[in-house]
Asks: 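Input: one structure, supplied below.
No hydrogens, no waters, no symmetry mates; every other heavy atom, side chains included, goes into these values. One-based numbering, in listed order, for ligands and for the atoms of each.
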Amino acid sequence: MYYTNILVSVTEICTVGCRHCGFIGSTRERQPADEEIANWVTQACDFGIPAIIFTGGEPFQRFSLLKAGVRAAAQHPDKPKIGCFTSSFWGKDPETVDKFMSQLEGLTHFYLSTDVFHQERVPAQYVRNVIDGALAHGVRDISLCITIAKDEEEQQIRSMYDDYGDRLLIHVDRVISSPHIDPVAATGHPPLPEHYAKHCYLHTPIINPNGDLAACHVAKVGAHRPLDKDVYFLGNLKERSFPEIMAEADGDYSYQYLRAFGPQGVARLVNENDELRDRFGAKTYSSGCDMCSKVLLTRKGRQALRDHVADPFQQSLIDTVRESRFGEVREGAR
Ligand code: SF4
C-alpha cells in the first residue's frame, strides 16, 4: 500500500490563533456529522490505509466528532493505527487531560504541535501535561511537531522537552511563508530542481470536513475557497465513494506527476515554462510544499501542469516511474 496514513480533518475551527496558521482569514464554517466522519474513516480503512490521523483546525474543539472518528477506526477489523494532532490547548491540568484521554480508547499516536508560534498561545506546561497523560494512558507514540522559521528555534523548543529522552519522536518542518510571519528569504530556495526532493507527503491524503478528498495537507486551503479545480483535489466523499475517487485518481496525470516527481518536478515545470519562470523564478520558498503550493494553486500553474502531462511522452515517463518506484501499473494500461 503506497498510502501510509490519511489525515481526517474533523473541523476547521480553532480558537488558539497562532500567527503562522494557514487558516487565518478563512470562514471555517464547514462541519461534518458524526456519522459522516465515521463513514469516511471506515471507507479509508476498507481501502487498506493503515493509519488514520485526525486533524483540524483543532480536533479537541469538536470532541464528539473526534470521538466518533476514533471509535470508527478502533472498531475496524484491520485495527489501523490512530493518531491525532493537537495544540494541547486543553491540557491545563492532569485531571482535565485524564478526562479527555479516557474517552479516546484506541489512540496510538499523538502529534503535538509545539513551536515558537504555538507557545505564544499554549504554555509548554499544557503540552507536558498532555504528554504525561498520554503516557499514563498507554499511547504508544508521541511526536513533537516543531515548525520553524529560523534554524535556532528547533533547539530552543527541543530543550524544553529534553527530560523525556527517547520517549518522544521529533518532527521538524519549515513554516509555509505567509504575510503574518517573518520573511523566509534567509532560509529559502529558488525554484530550481536541485533544491527539492522527488518525494513529499503524497502518501498521506486528506479528507476535509466537507468531504473533499485531496492529495495532501495543502488542501486545507479549502477553508478559504473551493478546491474542486485544483490539482490537489481528487473528489468529494458526499458524491462518490472512496474507491471510486481513487480509481479516477489512478488516471489523473497531474496527480500522478506529483507522485512520480514531487516538488522537484514542480521546480522543473517552472524552469521549462517561460510564463511560470517569469512569475515564480526570482522568488525563494521555505520548503517544497511552499514552492509547490505557491505555483500550483494559481490558474497558470495548474494549467501549465495540465498541458505538460497531456503529452503522451510525459505520460509514459510517469507510468514508468510509477512502475519502478511503486510497483504500480495504471488501470487503463493493464
Ligand atoms: S510538495 Fe506539493 S504535492 Fe507534495 S505534499 Fe507538498 S504541497 Fe503536496
Side-chain angles (χ1 to χ4, degrees), residues 2-9 20-23 26 49 51 53 55 83 85 111 145 147-148 171-178 184 187-208 212-225 227-235 245-246 248-250 252-273 276 279-280 283-306 308-309 314 318 321-322 325-326 328:
Y2 166 81
Y3 300 102
T4 53
N5 312 275
I6 187 163
L7 291 165
V8 179
S9 175
H20 72 313
C21 180
F23 284 116
S26 64
I49 297 180
I53 305 174
T55 185
F85 275 95
Y111 298 85
C145 300
T147 300
I148 59 169
H171 179 82
V172 181
D173 224 333
R174 293 214 167 258
V175 69
I176 291 188
S177 57
S178 86
V184 293
T187 53
H189 292 297
L192 296 171
E194 60 264 34
H195 295 301
Y196 299 96
K198 286 197 197 78
H199 51 82
C200 51
Y201 296 109
L202 286 168
H203 48 81
T204 304
I206 183 169
I207 301 172
N208 272 340
D212 282 349
L213 173 58
C216 67
H217 60 111
V218 158
K220 287 189 176 188
V221 76
H224 295 267
R225 58 175 177 72
L227 266 188
D228 54 340
K229 302 270 187 311
D230 287 316
V231 293
Y232 307 104
F233 177 79
L234 302 178
I245 293 171
M246 296 314 287
E248 188 173 290
D250 184 67
D252 175 348
Y253 275 102
S254 292
Y255 172 53
Q256 298 301 341
Y257 179 87
L258 292 174
R259 288 185 68 221
F261 302 117
Q264 189 178 94
V266 179
R268 213 168 56 232
L269 187 74
V270 170
N271 281 278
E272 288 171 5
N273 181 296
L276 294 188
R279 182 158 169 189
F280 300 103
K283 298 179 181 163
T284 58
Y285 303 89
S286 61
S287 67
C289 294
D290 187 26
M291 185 271 299
C292 175
S293 58
K294 293 280 175 1
V295 174
L296 294 183
L297 287 174
T298 64
R299 196 173 49 78
K300 283 221 171 351
R302 181 170 78 219
Q303 193 55 49
L305 178 56
R306 295 217 164 112
H308 185 74
V309 301
Q314 296 301 331
I318 293 167
V321 173
R322 282 183 68 186
R325 276 185 63 198
F326 313 131
E328 294 174 355

Asks: Specify the closest pair of heavy atoms between F280 and P191, including all atoms of both residues, with the distance to one decimal.
Replies: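 Heavy-atom minimum between the residues: O-CG, 3.5 Å.
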Asks: Could you list the atoms of ligand 1 found under 4.0 angstrom from a heavy atom of C292?
Replies: 1 (S), 2 (Fe), 3 (S), 7 (S)
Asks: Between D173 and Y201, which heavy-atom pair has the shortest distance, and what is it?
Replies: OD2-OH, 2.8 Å
Asks: Starting from atom 5 (S) of ligand 1, what is the nearest protein heavy atom, named by residue and atom, and what distance separates them?
Replies: Y201 N, 3.4 Å
Asks: Look at atom 6 (Fe) of ligand 1 and say which protein heavy atom is nearest, naming residue and atom and giving the distance to 0.1 Å.
Replies: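 In this structure, atom 6 (Fe) of ligand 1 has C289 SG, 2.4 Å as its nearest protein heavy atom.
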Asks: Taking the six-membered ring for Trp, are F85 and Y111 parallel (under 30°), tilted (30 to 60°) or perpendicular (over 60°)?
Replies: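 If you compare the ring of F85 with that of Y111, the planes turn out parallel.
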Asks: How far is atom 8 (Fe) of ligand 1 from the closest protein heavy atom, and which atom is that?
Replies: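 Answer, as residue, atom name and distance: C216 SG, 2.3 Å.
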Asks: Among V295, V231, T204, V218, which residue places a heavy atom closest to atom 7 (S) of ligand 1?
Replies: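 The residue whose heavy atom sits nearest atom 7 (S) of ligand 1 is V218.
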Asks: Considering only non-hydrogen protein atoms, determine which one is nearest to atom 4 (Fe) of ligand 1 and report residue, atom name and distance to 0.1 Å.
Replies: C200 SG, 2.3 Å
Asks: Will you find, in the side chains of Q303 and R306, an N or O donor that is under 3.5 Å from an N or O acceptor?
Replies: no
Asks: Show, in sequence, the C-alpha distance, side-chain angles and deciding distance for D252 and R259, and conclude whether the salt bridge (Lys or Arg N to Asp or Glu O under 4.0 Å) test is met.
Replies: CA-CA 11 Å; D252 175 348; R259 288 185 68 221; over 6 Å; no
